[in-house]
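Here is the naming used below: chain letters follow the sequence lines, and residue numbers restart at 1 for every chain.
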Amino acid sequence: MSYDFKAVEKKWQQKWEESGVFHAVDDFTKPKYYCLVEFPYPSGAGMHVGHIKAYSGLEVVSRKRRLQGYNVLFPIGFDAYGLPTENYAIKTGIHPRKVTDTNIAKFTDQLKKVGFSFDWNRVVDTTDEDYYKWTQWIFLKMFEKGLAFRDKTLVNYCPSCKVVLSNEDSQGGKCDICHSDVIQKSKDVWYLRITEYADKLLEGLNEVDFLPNIKLQQVNWIGKSRGAFVDFSIKDIDEKLRVYTTRPDTLFGVTFMVIAPEHPIIDKYSEKIGNMDAIKAYRDECSKKTEFERTQLVKDKTGVKIEGLTAVNPVNGKEIPVYISDYVMMGYGTGAIMAVPAHDERDYDFAKKFGIDIIEVIKGGDIEKAAYTGDGEMVNSGFMNGLTNKKDSIAKMIDYLTEKGIGEGGVQYKMKDWAFNRQRYWGEPIPIVHCKKCGMVAVPYEELPLKLPDVENFEPGSDGESPLAKIDSFVNCKCPKCGGDAGRETDTMPQWAGSSWYFLRYIDPHNDNEFANYEKLKYWMPVDWYNGGMEHVTRHLIYSRFWYKFLYDLGVVPYSEPYQKRTAQGLILGPDGVKMSKSRGNVIDPNEVVEEYGADVLRTYVLFMGDYEQAAPWSESSVKGCKRFIDRIWNLQEIAKEGNEFSEKLMSSMHKTIKKVSEDIEQMKFNTAIAALMTLLNQIYDAGEINYAELKALLLLINPFAPHITEEIWEKMNFGGTISDQTWPSYDEEKCRDASVEIAIQVNGKIKARINVASEISSEEAIAEAKKVPAVAALTEGKTIVKELYVKGKLVNIVVK
RNA sequence: GCGGAUAUGGCGGAAUUGGCAGACGCGUUAGAUUCAGGUUCUAAUAGCUGCAAGGCUGUGCAGGUUCAAGUCCUGUUAUCCGCACCA
């Protein structure tokens, strides 16, 4: 009677679909649980085993929660806008809409074949008009509040994809999509003012249960620093040069200043600058450097002294030179720094190269050799001399600056505003009209969605213009404000847009009047548990928290944080131990695994292969181990017999396993939960029999991992109803204990024997028992017992001299 | 450079947080079942040593604390992942 997994899995997948058991119901009287997994980008390659691992974790939690009586929302959708689809469309001539639909159908089919208990009634597709209508709505709200704005700046531009990229999309100076070099280009760009929410995003982390390393990455990404702004006056000119510093305490050690090549003060006073030619040449040189060269390659300091501009140190009146150098960037702080070479490594390098004075103001290092950034007594610092505590010194200086009106305390963030447009076709149109008379005007809410026009040619223009710019019928329109001739914004939103709020739409996916009903949001939010990839922990997770906090401030969502708990799964590596990639040819196709071993085996294996949060290589032979496990469960039917209660033989094993599996699932220790089930299975086969009560409990425990086979056995055994109607088994702490335990006996910390003792034995009795053991007696005889102790249920240690 | 993580048999990984290192699975070896292959079942499986009971050594490396250390402390090395001239 071998197990026909193909027929059984198909049968149950159909049953689940027909009965809709996994559909969440809007019954507000029930306790709810919202499990969220990152929705996939429906690529042409189909599902990856990584998707299976990512979804299997919360799949298990969801199935367990349902058995525990919760109303569970476990939705899925598709993050379908994006470049790969568009590039594929350009290559093949197939419309991206068609490509997307095909890919979504493929993914849907694959996900169903794995038996995931998603609520298929709530599928969200970010490219659906009914969905992006609300993405545009949120954008307009941001525009209304001044959080979406347009500005001209240097942007990261990919000449190959012909698209502007965010800093996040161009890390390492390479385009995230095609990996060619990114160059700097001046362009009009849409921004979302995420920096306004920097503090809220930081503080909100105190309220939520994210893994510590996830929190830390977000904190680093936001990069808040405390310090001071200080105004330096310029000699003979009525102008202040403002700097930002985290070390105002070292102000007496300033020997020069540096401004970024793009700093506006240069153009403003160009006629006073004696060496404009040299400065212009230097600026040209810098602008040619890619972001990559500027930040990654050359740490060697370059720069030019500005002849004619001399700054004055506000605390001691000293005159100091001003340089331009590209180690100072316009995008952070004020684009100008006060340089304290004695106590900053970068300034030290620069001073050494340009022969500038180095004045020690904090004792403790050897400034002949290197900059000293540690603590110490302040010297050469006027009224600051003698202070030894950095914190106090900084506070004292800020007080002084504030009092004299030459500066003030302040904060800075590394996080920059979010560049929010792409010159691409396959994205949400930005619902803005450019009117010569009225400027930028929002498309009226009642005209949403502003539909993406259906066109034949979606290739971007050679100058990096959006393909939409070529479509007159789309571009030409009337200004909603004055009725005059106007032109539409032709850029589209980046891929991050749709994924920034999708978890809200799941709650009310078919609502035509609002993005989601407030009462429903109140019931279902926040997401109780969100799991996804570590790679989305900074970008997507911060963006979506930002959008949610904005909506919260609008009063349209309840609670200030969207995700109560966030975890991340580790990668599945190829069998060769390195990241799976097509070029390496080490990609495992989940479909093939389902075909050969079945969905239950695939699901069990991805959770059993190692620590869920850690990367682990795929192993074909280990998959077989899980196959054996599944087959052995099937064969339990042969040895099952009547019985309404756990038998004495398996009593403690049953209770222990229920406890272990219940607890491990909550901590995402799926591998040890499965191991405990395997151990129990071994014990059952050793005992040679299992009764119905035990089999029922076992099937329930295994069900979240391997739902198809457990449902089938339940049905075949005539246990009544389906597993989905049952209740998660409970355990009794008392019954987890065995009557007797084996303890180790150590002499001087080395194990010499093992004995069985009653588990409730007293310390004295245990030690007495231990001494009776001949091997132990021989070692202790004639020696002084220094110490003897008993660790309950574990060991006895006798220390002799 | 800064931040984080990891390091345990032939392999993936366990270890109730200081208490029997190697659970569970893979692989391997031997045996049984089978015409055979596959499947299944039984036993062994950290290393060294010993005929054997046993002994010794073992959690990247070097120290330390403790009756007891994979776990705590000090130092150090390697690998991986973020961030990166952030003033």
Among rA87(B), rC85(B), rG13(B), which nucleotide sits nearest the side chain of Asp611(A)?
rG13(B)
Between rC11(B) and rG3(B), how far apart are the P atoms? Round to whole Å, please.
33 Å
Does rU29(B) adopt a syn or an anti glycosidic conformation, taking syn as a chi angle within 90° of 0?
anti
Classify the nucleic acid contact of Glu345(A) as base, sugar-phosphate or nothing, counting any heavy atom under 4.0 Å across all strands shown.
nothing
Inter-nucleotide P distance (rC26(B), rU79(B)), Å rounded
33 Å
Taking syn as a glycosidic torsion within 90° of 0 and anything else as anti, which one is rG9(B)?
syn
Pairwise P distance for rA53(B) and rG64(B), with rounding to whole Å:
35 Å
Whether over 12 other heavy atoms sit under 6.0 Å from Arg632(A) CZ
yes
Using a heavy-atom cut-off of under 4.0 Å over every strand shown, decide if Leu795(A) touches base, sugar-phosphate, or nothing.
base
Answer yes or no: is there an ion pair linking Glu733(A) with Lys659(A), defined by an N-O contact shorter than 4.0 Å?
yes
When Ile337(A) is tested against each of Val258(A), Asp344(A), Thr245(A), Val254(A) for side chain to side chain contact (heavy atoms under 4.5 Å, CB included), which residue passes?
Val258(A)
For nucleotides rC83(B) and rA15(B), find the distance between their C1' atoms and express it as a whole number of Å.
34 Å
What's touching nucleotides 36-45 of chain B from the protein side, N or O pairs under 3.5 Å?
unit_1	atom_1	unit_2	atom_2	d
rC41(B)	OP1	Arg632(A)	NH1	2.9

Answer with yes or no after comparing the ring centroid distance for Phe256(A) and Phe354(A) against a 6.0 Å cut-off, counting only values under it.
no
Just checking, any donor-acceptor pair under 3.5 angstrom between side chains of Glu38(A) and His536(A)?
yes
Report which part of the nucleic acid Ile751(A) touches: base, sugar-phosphate, or nothing (heavy-atom distance under 4.0 Å, all strands).
sugar-phosphate
Reckon Tyr332(A) has a side-chain N or O less than 4.0 Å from the OP1 or OP2 of rA87(B)?
yes
For rU29(B) and rA46(B), measure between their C1' atoms and round to the nearest Å.
16 Å
Taking the minimum atom-to-atom distance to the side chain of Gln614(A), which one of rC24(B), rU6(B), rC85(B) wins?
rU6(B)
If you look at every strand shown and take non-hydrogen atoms under 4.0 Å, does Lys579(A) touch a base, only sugar-phosphate, or nothing?
nothing
Considering all heavy atoms, the nearest Val243(A)-Thr334(A) contact:
CA-OG1, 3.3 Å
Just call it for Ala615(A): base, sugar-phosphate, or nothing, with non-hydrogen atoms closer than 4.0 Å on any strand.
sugar-phosphate
Between Leu571(A) (CG) and rG12(B) (P), how many Å, whole number?
16 Å
Hey, does Gln412(A) reach any base, or is it just sugar-phosphate, or nothing, if we go heavy atoms under 4.0 Å?
nothing
Nearest-nucleotide pick for Gln217(A), side chain only, options being rG82(B), rC67(B), rC24(B):
rG82(B)
Side chains of Asp357(A) and Thr255(A): any donor to acceptor distance under 3.5 Å?
no
Would you indicate what Lys660(A) reaches in the nucleic acid, counting non-hydrogen atoms under 4.0 angstrom: base, sugar-phosphate, or nothing?
nothing
Could you spell out the base pairing of RNA chain B as a dot-bracket line? Use Watson-Crick and G-U wobble contacts where both distances are under 3.5 Å, [ ] for crossing pairs, | for partners on a different strand.
(((((((..(((......[....)))((((((.......))))))((((....))))..(((((..]....))))))))))))....
Passing option when Leu241(A) is tested against Ile259(A), Leu309(A), Asp231(A) for side chain to side chain contact (heavy atoms under 4.5 Å, CB included):
Ile259(A)
Determine the Euclidean distance between corresponding C1' atoms of rG58(B) and rG22(B); express it in Å to zero decimal places.
11 Å
Carboxylate-amine/guanidinium proximity below 4.0 Å for Glu408(A) and Arg242(A)
yes
Lys301(A) charged N/C atom sitting above Tyr327(A) aromatic ring, 6.0 Å / 45°
yes
Determine the interatomic distance between P on rC72(B) and the same-named atom on rG19(B); round to the nearest Å.
11 Å
Give the nucleotide from the list rC67(B), rC26(B), rG4(B) with an atom nearest to the side chain of Asn213(A).
rG4(B)
What does Lys752(A) touch in the nucleic acid at a heavy-atom separation under 4.0 angstrom: a base, only the sugar-phosphate, or nothing?
sugar-phosphate
Under 4.0 Å from OP1 or OP2 of rC85(B): is there any side-chain N or O of Lys353(A) that close?
no
What interatomic distance, in whole Å, is found between P of rC81(B) and the corresponding atom of rA69(B)?
35 Å
On the six-membered ring of Tyr332(A), is Lys414(A) placed so that its NZ or CZ lies under 6.0 angstrom from the centre and within 45° of the ring axis?
no
Answer with base, sugar-phosphate or nothing: what part of the nucleic acid does Asn671(A) contact at a heavy-atom distance below 4.0 Å?
sugar-phosphate
